[in-house]
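Below is one structure, written out as structure tokens; the observations come after it.
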Amino acid sequence: MALNDEIKQVTDNWAVKLSTDLLDSLNKALKEGGSTNPQTSALQFNPVITTTNDGVKVEIVSNYDYWYWVEYGRKKGKIPPSEAFGKKWQNKLNVNANKVIAEINLKRNGLSKKPRKLNYDKSVKTLAFLIARSIGKKGYKARPFIDRVINDGRVNDLAEQLANVMGKNLVIELDINGSN
């Protein structure tokens, strides 16, 4: 097997395992943080490996940027855009906006008032606004999940595996880029 093929195989295997473990760690952090959502995160981590004359670059790319807010949290005070919690987000998580709004109204008004029915689009917009407003008021507590994956010795394992394949000592640099 050619050297480049061996390097690609080692980095591919490592990056796929890292992507899977990041998702598992994210879901674990959300559950530990009190998430009662029975679904796993819709977030996916996908490896992108680029080989150049200078070296090999392994990037883990996510399909959504909310991993950043899970990892680092969000201070209270500024309301996030409610569009982020709109129809697309609610459909992805199978949220029934009419049902949630009805439950909120029931808790707020009790049985004394008959809740008014909102059409679907109005319910979606109302729920998105309520979620965004709540995050703006309370913030969002950080639930770090990256460190427990990155700091488990796997980076050193990659360096050792590549050093064995290449017959050289290696330096590996980590860069965790946030979306904001």
Side-chain angles (χ1 to χ4, degrees), residues 1-75 78-95 124 128 131-132 135 139-180:
M1 186 182 292
L3 178 61
N4 285 344
D5 293 338
E6 287 185 64
I7 292 170
K8 182 169 177 21
Q9 183 179 11
V10 168
T11 54
D12 282 352
N13 292 341
W14 185 84
V16 167
K17 177 79 170 123
L18 177 65
S19 297
T20 303
D21 291 348
L22 279 171
L23 183 59
D24 291 344
S25 181
L26 170 74
N27 287 319
K28 184 178 179 183
L30 290 172
K31 290 232 183 292
E32 288 171 353
S35 174
T36 56
N37 186 350
Q39 296 178 331
T40 58
S41 169
L43 190 68
Q44 295 175 358
F45 295 104
N46 301 303
V48 177
I49 301 169
T50 310
T51 306
T52 65
N53 291 338
D54 296 335
V56 177
K57 181 178 181 180
V58 178
E59 293 180 278
I60 306 299
V61 180
S62 64
N63 58 338
Y64 298 106
D65 64 355
Y66 76 80
W67 70 267
Y68 179 88
W69 304 112
V70 174
E71 178 71 16
Y72 299 108
R74 183 181 181 107
K75 292 180 183 176
K78 185 176 178 186
I79 297 176
S82 62
E83 297 83 33
F85 308 104
K87 190 181 290 189
K88 185 177 176 182
W89 181 82
Q90 292 176 30
N91 286 339
K92 181 179 62 185
L93 295 176
N94 294 323
V95 174
V124 167
I131 292 169
I135 291 171
Y140 185 82
K141 184 179 176 189
R143 292 171 174 84
F145 66 97
I146 294 174
D147 279 352
R148 56 175 130 182
V149 175
I150 296 297
N151 294 333
D152 68 354
R154 75 179 62 228
V155 175
N156 292 335
D157 291 343
L158 175 63
E160 288 175 19
Q161 290 176 24
L162 289 174
N164 288 338
V165 168
M166 299 173 69
K168 296 180 180 179
N169 287 334
L170 300 173
V171 175
I172 295 182
E173 297 178 25
L174 284 179
D175 182 20
I176 299 173
N177 290 321
S179 61
N180 291 354

Compare every heavy atom of [Y] with every heavy atom of [X], then report the nearest pair and how far apart it is.
{"X": "Y140", "Y": "V70", "result": "CE2-CA, 3.9 Å"}
{"X": "A128", "Y": "S82", "result": "CB-O, 3.3 Å"}
{"X": "I135", "Y": "P80", "result": "CG2-CG, 3.9 Å"}
{"X": "I79", "Y": "A132", "result": "CG2-O, 3.6 Å"}
{"X": "K87", "Y": "V124", "result": "N-CG1, 3.5 Å"}
{"X": "R143", "Y": "K141", "result": "NH1-O, 2.8 Å"}

At what distance, to the nearest 0.5 angstrom, does [atom1] of [X] lie from [atom2] of [Y]?
{"X": "L23", "Y": "N46", "atom1": "CG", "atom2": "CG", "answer": "10.0 Å"}
{"X": "F145", "Y": "L26", "atom1": "CZ", "atom2": "CG", "answer": "4.5 Å"}
{"X": "N156", "Y": "Q161", "atom1": "CG", "atom2": "CD", "answer": "11.5 Å"}

Does I146 offer a backbone N or O that forms a donor-acceptor pair with the side chain of E71 under 3.5 Å?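 The answer is yes, because a donor-acceptor pair under 3.5 Å joins these two groups.
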Could you pull out all residues at least two apart from N63 that satisfy side chain to side chain contact (heavy atoms under 4.5 Å, CB included)?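 Testing N63 for side chain to side chain contact (heavy atoms under 4.5 Å, CB included), a comparison that skips the adjacent residues, returns L43, Q44.
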Just to verify, what does K57 make a side chain to side chain contact (heavy atoms under 4.5 Å, CB included) with, not counting sequence neighbours?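 Once residues adjacent in sequence are excluded, the partners of K57 under the side chain to side chain contact (heavy atoms under 4.5 Å, CB included) criterion are T50, E59.
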Mind checking what makes salt bridge (charged side-chain N to carboxylate O under 4.0 Å, His left out) contact with K28, not counting sequence neighbours?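 For K28 there are no salt bridge (charged side-chain N to carboxylate O under 4.0 Å, His left out) partners, ignoring immediate neighbours.
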Counterpart residues, salt bridge (charged side-chain N to carboxylate O under 4.0 Å, His left out), relative to D12 (two or more places apart):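 With sequence neighbours excluded, D12 shows a salt bridge (charged side-chain N to carboxylate O under 4.0 Å, His left out) to K8, given in chain and number order.
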Can you check whether L18 reaches I150 side chain to side chain, under 4.5 Å on heavy atoms?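 Yes, close enough: below the 4.5 Å cut-off.
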Among residues at least two apart in sequence or on other chains, which ones pass ring-ring contact (aromatic ring centres under 6.0 Å, His included) with F85?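 Here the qualifying residues are W89.
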Once side-chain hydrogen bond (donor to acceptor under 3.5 Å, both in side chains) is applied, do any residues pair with S62, and if so which ones, sequence neighbours excluded?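 So S62 forms a side-chain hydrogen bond (donor to acceptor under 3.5 Å, both in side chains) with W67.
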Who passes side-chain hydrogen bond (donor to acceptor under 3.5 Å, both in side chains) against N91, sequence neighbours left out?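 Applying side-chain hydrogen bond (donor to acceptor under 3.5 Å, both in side chains) to N91 gives Y120.
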Going by side chain to side chain donor-acceptor pair (under 3.5 Å), name the pairs with one or both residues in residues 16-25, residues two or more places apart or in two chains.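 For residues 16-25, and leaving out neighbouring residues, the side chain to side chain donor-acceptor pair (under 3.5 Å) pairs sorted by first residue read K17-D21, D21-R154, S25-R148.
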